[in-house]
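Okay, structure first, notes after.
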Amino acid sequence: MIPPQAIIILMLLLMFLKIPVFISVLFAASIYFLSHSVPNLLLVQRFVAGIESIPLLAIPFFVGMGVFMNRSGITRRIMAFASVCVGHMAGGLAQVNILVSTLMGGISGSNLADAAMEAKMLVPEMRKNGYSNEFSSVVTAFSSLITPLIPPGIGMIMYASVTGVSVGKLFVGGLTIGFVLCVMEMVLTVVISKQRGYKSIRTSWVTGKEFFHALQGAIIPLLMPIIIIGGVRIGAFTASEAGAVGIFIAIILGFAYKEMTFENLKEGFKETVISSATILCIIGAANALSWTLTKEQVPQHLTQWIVGLVSNKYIFLFLINIFLLILGMLIEGNAITIVVAPLLFPLANTFGIDPIHFAMIFIYNLAIGALSPPMGTVMYVTCGVTGCKIADFIKESIIWFIVLLALMFVITYVPIISTFFVNLIY
């Protein structure tokens with residue numbers, strides 16, 4: 001019989017070797033079932049049971065919402081609105097880049113989608129205006145970190161599905177963290193831009209007429225996070241139904257703007273199905289693996305070991321930060337959420353840590369991991385589009401990492417940042 005520890009190590013090794021996450025997790029689970037003479041049919045049942053969950057309906061709906069929002073001409077209108085709002089600041093185009101990521105968080109929900117989109121649309125324009133390629137790439141990658149923290153971040157939905165934490169509360173908590181991160185990145189951009197002479201794209205502050213003209217085209221997308229959180233909070237619809245409402249609004253807007261065609265509609269549904277299937281296959285495989293860990297009482301043993309080793313919750317949080325940062329550098333974030341979150345969540349409860357506070361720490365750490373070498377997916381996607389050398393990207397990003405790590409410790413040890421508005425609203 002192969003012990004569960006060996007199964008986990010095998011899974012992590014396969015992921016490190018860049019074997020697709022779904023295959024890595026399912027293969028590890030299969031090895032356990034075969035070595036313990038468990039009926040193969042049970043493996044299939046656990047896989048199917050993992051995706052037969054009403055809360056998981058939110059994933060294809062919110063993925064679809066992001067797809068159709070991007071195909072309906074809304075992205076361009078949001079960029080125009082962002083230019084009007086922050087174009088007068090030092091490093092105007094870089095500021096637009098950051099604000100667009102913040103506003104697009106309520107639409108795409110994916111940092112990879114956001115980074116790829118802005119790398120294609122904004123970085124060439126930044127280079128034309130005198131920004132270095134490495135700075136443009138770093139701003140694009142690091143601003144995309146904001147996206148999964150703004151409702152309806154896919155990472156928050158997945159975390160909620162495996163831990164049972166309220167999706168609505170996670171959305172509210174993430175909104176606060178995303179806003180704080182946006183402000184910090186803008187301040188850092190002003191400092192760097194003034195040092196390097198990166199100019200604004202406007203010579204004066206926006207007038208009321210210009211502001212409201214730009215707002216007209218972006219008002220409905222900008223209201224999406226409010227519609228989602230508000231609708232879930234008052235019980236008008238569930239989190240899953242909120243995604244369906246978002247898809248409906250996106251399609252209507254696309255046709256209203258005369259930028260959505262029936263061919264576009266067909267391609268959008270195809271993209272939604274493929275993206276959703278990828279995520280759900282990982283979840284199904286992870287559920288089979290989780291069953292094996294539960295059967296072997298791994299969570300209980302881990303809890304007893306850590307509680308016996310660490311008695312102070314502040315030291316526990318420090319160690320969790322280090323652990324998640326390292327794990328995030330090596331493995332894709334969704335896989336970590338599905339496999340690791342169910343193990344760490346009970347531990348956090350043991351130490352009396354607020355569930356929303358711990359969720360924000362968890363999600364924020366994984367977002368940093370997506371930017372970090374050697375496996376940082378957002379870094380590779382951005383540099384792949386912009387042509388920036390990885391070495392130049394890493395050198396340019398050092399000060400940005402320092403800022404992100406400083407905020408990580410603030411989020412960790414000042415829980416009110418994550419929980420204030422959650423407690424106020426709920």
Query raised in the report: Under 4.5 Å between any side-chain heavy atoms of L366 and F362, yes or no?
Result: yes
Query raised in the report: Between S397 and I394, is there a donor-acceptor pair closer than 3.5 Å when you use the side chain of the first and the backbone of the second?
Result: yes
Report task. Could you check T261 against L265 for side chain to side chain contact (heavy atoms under 4.5 Å, CB included), going step by step and ending with a plain yes or no? Result -> CA-CA 6 Å; T261 64; L265 197 63; over 6 Å; no
Query raised in the report: Is it true that a side-chain atom of H357 and a backbone atom of T412 form a donor plus acceptor pair closer than 3.5 Å?
Result: yes
Query raised in the report: More than 12 non-hydrogen atoms from neighbouring residues, nucleotides or ligands closer than 6.0 Å to CG on L319, yes or no?
Result: yes
**Report entry** Results of salt bridge (Lys or Arg N to Asp or Glu O under 4.0 Å) for K258 - residues two or more places apart only
**Finding:** none
**Report entry** Backbone N/O of C388 and side chain of E134: donor-acceptor pair under 3.5 Å
**Finding:** no
Query raised in the report: What residues form a side-chain hydrogen bond (donor to acceptor under 3.5 Å, both in side chains) with T163, not counting sequence neighbours?
Result: none
Query raised in the report: Would a 4.5 Å heavy-atom cut-off, applied to side chains only, mark K169 and I425 as touching?
Result: no
Requested in this report: Please indicate whether F255 has more than 12 foreign heavy atoms, meaning atoms of other residues, nucleotides or ligands, lying under 6.0 Å from its CZ.
Outcome: yes
Query - Test ring-ring contact (aromatic ring centres under 6.0 Å, His included) applied to F27 - qualifying residues, sequence neighbours left out - result: none
Query raised in the report: Distance-only, no hydrogens or angles: does the N264 side chain make a donor-acceptor pair with backbone N or O of M260 under 3.5 Å?
Result: no
**Report entry** For E125, all residues meeting salt bridge (Lys or Arg N to Asp or Glu O under 4.0 Å), sequence neighbours excluded
**Finding:** none
Requested in this report: Among residues two or more places apart or on two chains, list those pairs meeting salt bridge (Lys or Arg N to Asp or Glu O under 4.0 Å) that have a residue in residues 387-411.
Outcome: R196-E396
**Report entry** Atom pair CG (L407) and CD1 (I402), whose distance is rounded to the nearest 0.5 Å
**Finding:** 14.0 Å
**Report entry** For the student: nearest non-hydrogen atoms of A94 and F135, plus distance
**Finding:** CB-CE2, 3.9 Å
Report task. Start with the C-alpha distance between S30 and L43, add both sets of side-chain angles, then the distance that settles side chain to side chain contact (heavy atoms under 4.5 Å, CB included), and finish with yes or no. Result -> CA-CA 7 Å; S30 302; L43 173 64; 3.5 Å; yes
Query - With E271 via salt bridge (Lys or Arg N to Asp or Glu O under 4.0 Å) - residues at least two apart - result: R71
**Report entry** Gap between atom CG of N365 and atom CD1 of I326 - 0.5 Å precision
**Finding:** 10.5 Å
Query raised in the report: How many angstroms lie between CG in L14 and OG in S24, if you round to the nearest 0.5 Å?
Result: 4.5 Å
Report summary line: In short, C182 meets I146 closest at the heavy-atom pair CA-CD1, 3.7 Å
Requested in this report: Provide the closest heavy-atom pair for V100 versus A82 in the form atom of the first, atom of the second, distance.
Outcome: CG2-CB, 3.7 Å
Report summary line: Nearest heavy-atom contact between A141 and V378 is O-CG1, 3.9 Å
Query raised in the report: Is V172 close to L424 at the side-chain level, that is, under 4.5 Å between some pair of heavy atoms?
Result: no
Requested in this report: Could you please spell out the steps behind the side chain to side chain contact (heavy atoms under 4.5 Å, CB included) verdict for F171 and I157?
Outcome: CA-CA 9 Å; F171 283 171; I157 297 172; 4.1 Å; yes
Query raised in the report: Would you say the side chain of L404 lies within less than 4.5 Å of the side chain of L181, judging by non-hydrogen atoms?
Result: yes
Report task. Verify whether one side chain among S137 and T386 offers a donor that lies under 3.5 Å from an acceptor in the other. Result -> yes
Report summary line: Closest heavy-atom pair, L26 versus F47, reported as atoms and distance to 0.1 Å, is CD1-CD1, 4.2 Å
Report task. Side-chain contact test, heavy atoms from C-beta onward, threshold under 4.5 Å: evaluate it for I399 versus I192 and give yes or no. Result -> yes
**Report entry** Euclidean distance, L325 CG relative to Y364 OH, rounded to 0.5 Å
**Finding:** 9.5 Å
Query raised in the report: Tell me, do M156 and V167 make a side-chain contact under 4.5 Å, heavy atoms counted?
Result: no
**Report entry** Contact check, side chains of F61 and T272, non-hydrogen atoms, under 4.5 Å
**Finding:** no
Requested in this report: Using a cut-off of 6.0 Å, state whether more than 12 heavy atoms not belonging to F179 lie near its atom CZ.
Outcome: no
Requested in this report: Report yes if the distance between the aromatic ring centroids of F358 and F345 is under 6.0 Å, otherwise no.
Outcome: no
Requested in this report: Nearest 0.5 Å please: distance from the CD1 atom of I274 over to the CZ atom of F269.
Outcome: 14.0 Å
Query - Distance flag, aromatic centroids of Y413 and F318, threshold under 6.0 Å - result: no
Query raised in the report: Is there a side-chain contact between M360 and T419 (heavy atoms, below 4.5 Å)?
Result: no
Query raised in the report: What pair of heavy atoms forms the shortest contact from S136 to N97, and how long is it?
Result: O-ND2, 4.4 Å
Query raised in the report: Could you go step by step and tell me if V123 and T382 meet the side chain to side chain contact (heavy atoms under 4.5 Å, CB included) rule?
Result: CA-CA 10 Å; V123 171; T382 304; 5.8 Å; no
Report task. Give, for atom CG of L99 and atom OG1 of T102, the distance between the pair rounded to the nearest 0.5 Å. Result -> 5.5 Å
